[in-house]
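Below: one structure, written as structure tokens.
Not measured: the values here are computed from a predicted model. Numbered from 1 within each chain, the chains take letters A, B, ... in sequence-line order.
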Protein chains: 2
Amino acid sequence: MGRVNSKAGQSAEIIIQGDCIEAMNALPEKSVDLIFADPPYNLQLGGGLTRPDQSKVDAVDDDWDKFASFQVYDEFTRNWMNAARRVLKDTGAIWVIGSYHNIFRVGATLQDLGFWMMNDVVWRKSNPMPNFRGTRFTNAHETLIWATKSADQKKYTFNYDAMKALNDDLQMRSDWLLPICTGGERLKDGDGDKAHPTQKPEALLHRVLLATTNAGDTVLDPFFGTGTTGAVAKKLGRNFVGIEREERYIKVARERIRLIKTGAPEDLKVTTSKKAEVRIPFGTLIERGLLEPGAVLTDPAKRHAARVRADGSIVCRDATGSIHKIGAHVQGLDACNGWTFWHFKTDGKLKPIDILRQKVRAEMGEA
Amino acid sequence: MGRVNSKAGQSAEIIIQGDCIEAMNALPEKSVDLIFADPPYNLQLGGGLTRPDQSKVDAVDDDWDKFASFQVYDEFTRNWMNAARRVLKDTGAIWVIGSYHNIFRVGATLQDLGFWMMNDVVWRKSNPMPNFRGTRFTNAHETLIWATKSADQKKYTFNYDAMKALNDDLQMRSDWLLPICTGGERLKDGDGDKAHPTQKPEALLHRVLLATTNAGDTVLDPFFGTGTTGAVAKKLGRNFVGIEREERYIKVARERIRLIKTGAPEDLKVTTSKKAEVRIPFGTLIERGLLEPGAVLTDPAKRHAARVRADGSIVCRDATGSIHKIGAHVQGLDACNGWTFWHFKTDGKLKPIDILRQKVRAEMGEA
DNA sequence: TTCCGAATTGAATCTGTTG
DNA sequence: GCAACAGATTCAATTCGGA
């Protein structure tokens with residue numbers, strides 16, 4: 001076990017190689033604001049699975065997902081959660097993600113240890129793997145649990161208005177529709193194979209960190225893998241500590257995070273008060289990486305320019321608000337359809353942001 | 001405790017008033033096909049919970065009693081689940097619905113008792129109650145767990161094709177979007193207040209029963225409430241046994257169910273899978289003269305050719321065997337469905353031999 | 001270069017009957 | 001109980017290759 005990467009200064013990025021329990025016990029107590037944990041799911045797969053076209057499904061058969069029994073898994077869970085609890089500030093919170101194989105044990109253990117559940121959140125996958133044999137319902141979601149350190153903890157971070165802004169000025173619900181991690185975001189090893197079997201999408205972490213941390217907070221991920229938590233934390237100006245046992249994952253994570261740029265502080269500010277109404281969640285574009293925080297939008301004639309912030313609000317000179325509100329403001333009008341007014345540059349051409357919305361709609365299928 | 005309503009004949013509708021554990025223990029073992037359970041999680045409303053030693057549990061909403069209350073709840077859960085397990089047929093299954101307050105304990109207990117999870121299913125509420133104080137995500141879903149009696153249980157009911165038909169010919173996913181129970185469906189008492197605080201929508205039970213029971217099966221609901229399970233079971237031609245402690249809920253349930261009419265048998269038929277159809281050996285086609293010995297079969301691209309022999313085996317170059325074996329062999333695969341792979345020429349066109357099988361099935365159906 | 005069809009792939013507790 | 005074998009079974013998104 002050893003510290004791999006540590007940077008002093010305004011942004012701490014720490015990756016520790018080793019067992020997560022030992023590593024957490026070596027950290028100062030009550031030192032982190034949020035823990036995001038993606039522990040092994042304890043899948044119990046039978047023989048090989050083939051698709052109808054007889055191709056083979058690449059199973060998660062790694063050693064780190066092998067447990068002898070529920071009892072052994074529960075003990076593992078209690079141990080890492082106790083270590084996590086120690087390093088968590090009293091005002092801190094924890095997120096754990098899992099599937100039906102493990103999430104009920106995870107949830108019960110959280111409660112047993114005194115964590116207090118705020119929500120269970122369902123990640124609905126827009127493109128899950130089908131059930132090839134027609135034996136069950138398509139396993140189309142995973143479950144996240146968000147819990148504070150204790151029941152009597154009244155202070156915790158929840159950026160309610162930022163979530164609302166991200167969701168078209170409707171309260172963010174407990175079910176989130178997001179695609180799984182594929183395409184360019186999916187990290188590959190030298191052979192072109194996936195670098196990690198269970199890489200999570202950045203959009204998921206974006207929402208988690210935006211909702212329950214503030215810029216400058218420290219996020220701990222005890223099952224760091226290829227570093228999605230670190231990548232999004234850096235992008236959003238949060239400090240992070242990642243712990244990972246496998247050197248090969250750390251290597252990938254370091255290179256990945258090296259290339260990430262932190263958004264400018266003014267872009268990372270999130271809405272703290274009510275804003276004008278919007279119809280389509282513009283924030284989804286940022287969450288999904290179609291626009292970066294800090295991206296510049298202009299009108300077709302380039303008379304006005306605005307900067308995009310992480311929660312989907314935009315800034316033009318002194319004014320902050322939705323794409324519609326700011327669009328109306330700069331034109332001196334009462335109303336404006338921001339989707340067609342604001343443009344972004346791609347391939348040297350200005351295009352309305354509405355084409356990005358269409359892209360998202362196409363990807364997400366139903367509303 | 002007493003039996004309130006029992007009807008002999010083709011459709012059994014039984015409502016039992018009393019404690020669900022005692023009542024289940026009084027039923028014959030291995031007698032029900034499906035259990036649907038909506039257990040209480042608010043221990044105060046659950047009322048009359050007792051510890052194993054029969055001592056009364058007092059108010060459990062104080063922080064100091066959180067751990068004690070989880071233990072008591074787990075004990076309660078183990079007790080009713082064990083009783084449920086006893087009355088369940090070996091081919092039977094159980095559904096349990098809950099929210100984050102109790103579902104993790106319920107799920108872990110199911111696993112501890114040997115039930116085998118098939119899916120966790122998310123009921124997404126299209127019209128959830130908002131979070132008025134803006135302190136959390138809108139609690140917009142509940143979780144259902146579908147589990148069979150044991151891991152090595154190979155036979156269970158899942159009407160895959162019926163679910164697929166219900167979902168526009170796409171596999172039914174594990175997330176279901178349904179409205180909460182309101183309007184005319186919501187039962188009221190004499191004062192116009194809701195008769196039961198957590199009445200479930202019939203649409204939810206409709207999907208559960210259609211997916212995992214057949215007409216004529218017996219469904220048990222140990223927390224019957226105002227009888228949604230019974231109402232839908234009757235509508236769909238399933239027998240049911242409902243157990244409920246409170247007389248006032250039973251009264252409402254009886255009147256409700258009395259008004260329900262069972263659908264006509266032909267309307268209750270659902271789309272079935274090919275697996276359920278009669279098996280036709282390939283040799284039958286030759287026997288019946290639909291293919292002559294010596295007939296030539298090819299794949300759609302005409303890359304491979306095989307000759308049919310009198311006993312239903314086929315020959316391709318040196319290899320002899322079943323249509324499936326040879327189909328797999330020539331493609332270099334482990335398996336192949338010979339019915340759809342091999343084609344024969346008729347009217348100058350290539351057609352899969354599967355249409356001949358369909359012809360035989362149609363003829364057998366008439367006979 | 002662009003467009004269209006084919007191929008690939010993702011945290012999966014993934015068959016049933018006969019001999 | 002195990003081996004052999006029949007034969008049923010997939011959605012969304014991206015990438016690749018040929019026209």
Minimal non-hydrogen separation, B:L34 against B:I94, with atom names: CD1-N, 4.5 Å
Shortest non-hydrogen separation from B:P352 to B:T340 and the atoms involved: CB-O, 4.3 Å
Please classify the nucleic acid contact of [X] as base, sugar-phosphate, or nothing, using heavy-atom distances under 4.0 Å.
| X | value |
| --- | --- |
| A:T138 | nothing |
| B:A151 | nothing |
| B:S273 | sugar-phosphate |
| B:R357 | sugar-phosphate |
| B:E277 | nothing |
| A:I103 | nothing |

If I take atom [atom1] in residue [X] and atom [atom2] in nucleotide [N], what distance separates them, rounded to the nearest angstrom?
| X | N | atom1 | atom2 | value |
| --- | --- | --- | --- | --- |
| A:L177 | D:dA12 | CG | C1' | 12 Å |
| B:I280 | D:dA8 | CD1 | P | 11 Å |
| B:L333 | D:dT9 | CG | P | 18 Å |
| B:L285 | D:dA6 | CG | P | 14 Å |
| B:N167 | D:dC11 | CG | C1' | 11 Å |
| A:E185 | D:dT14 | CD | C1' | 13 Å |

B:C336 vs A:G184, nearer the 5' end of DNA chain D by closest nucleotide: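 Per heavy-atom nearest nucleotide, the more 5' residue is B:C336.
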Whole-angstrom distance between C:dT9 and D:dA8, as gauged at atom P: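 That atom pair is separated by 27 Å.
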Spacing of the C1' atoms in D:dA6 and C:dG10 (rounded, Å): 29 Å
Ring centroid separation A:H206 to A:W176 under 6.0 Å: no
Validation row, ring centre A:Y41 to ring centre A:H101 under 6.0 Å: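 When the ring centroids of A:Y41 and A:H101 are compared, they turn out to be at least 6.0 Å apart.
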For D:dA8, the Watson-Crick or wobble counterpart (both distances under 3.5 Å):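 None - no nucleotide pairs with D:dA8, as no candidate has both distances under 3.5 Å.
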Mate of C:dA11 where both pairing distances stay under 3.5 Å, Watson-Crick or G-U: none
Footprint string (nucleotides 7-19 of chain C, 5' to 3'): B base within contact, S backbone only, - free, heavy atoms under 4.0 Å: --BBBBBBBS---
Charged N-O contact under 4.0 Å between A:D189 and A:K251: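 Salt bridge flag = no for A:K251 with A:D189.
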C:dT13: syn or anti, per glycosidic angle within 90° of 0: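 That one's syn.
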Side chain of B:A335 (C-beta onward), nearest among D:dT9, D:dC5, D:dA8: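 Closest of the options to the side chain of B:A335: D:dA8.
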B:R357 versus B:T284, side-chain donor and acceptor atoms under 3.5 Å: no
Atom CZ of B:R307 with >12 non-hydrogen neighbours under 6.0 angstrom: no
B:H324 vs D:dC5: side-chain N/O to OP1/OP2 distance below 4.0 Å: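 False: B:H324 side-chain N/O out of range (4.0 Å or more) of D:dC5 OP1/OP2.
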Cation-pi geometry met for A:R105 and A:Y73 (6.0 Å, 45°): no
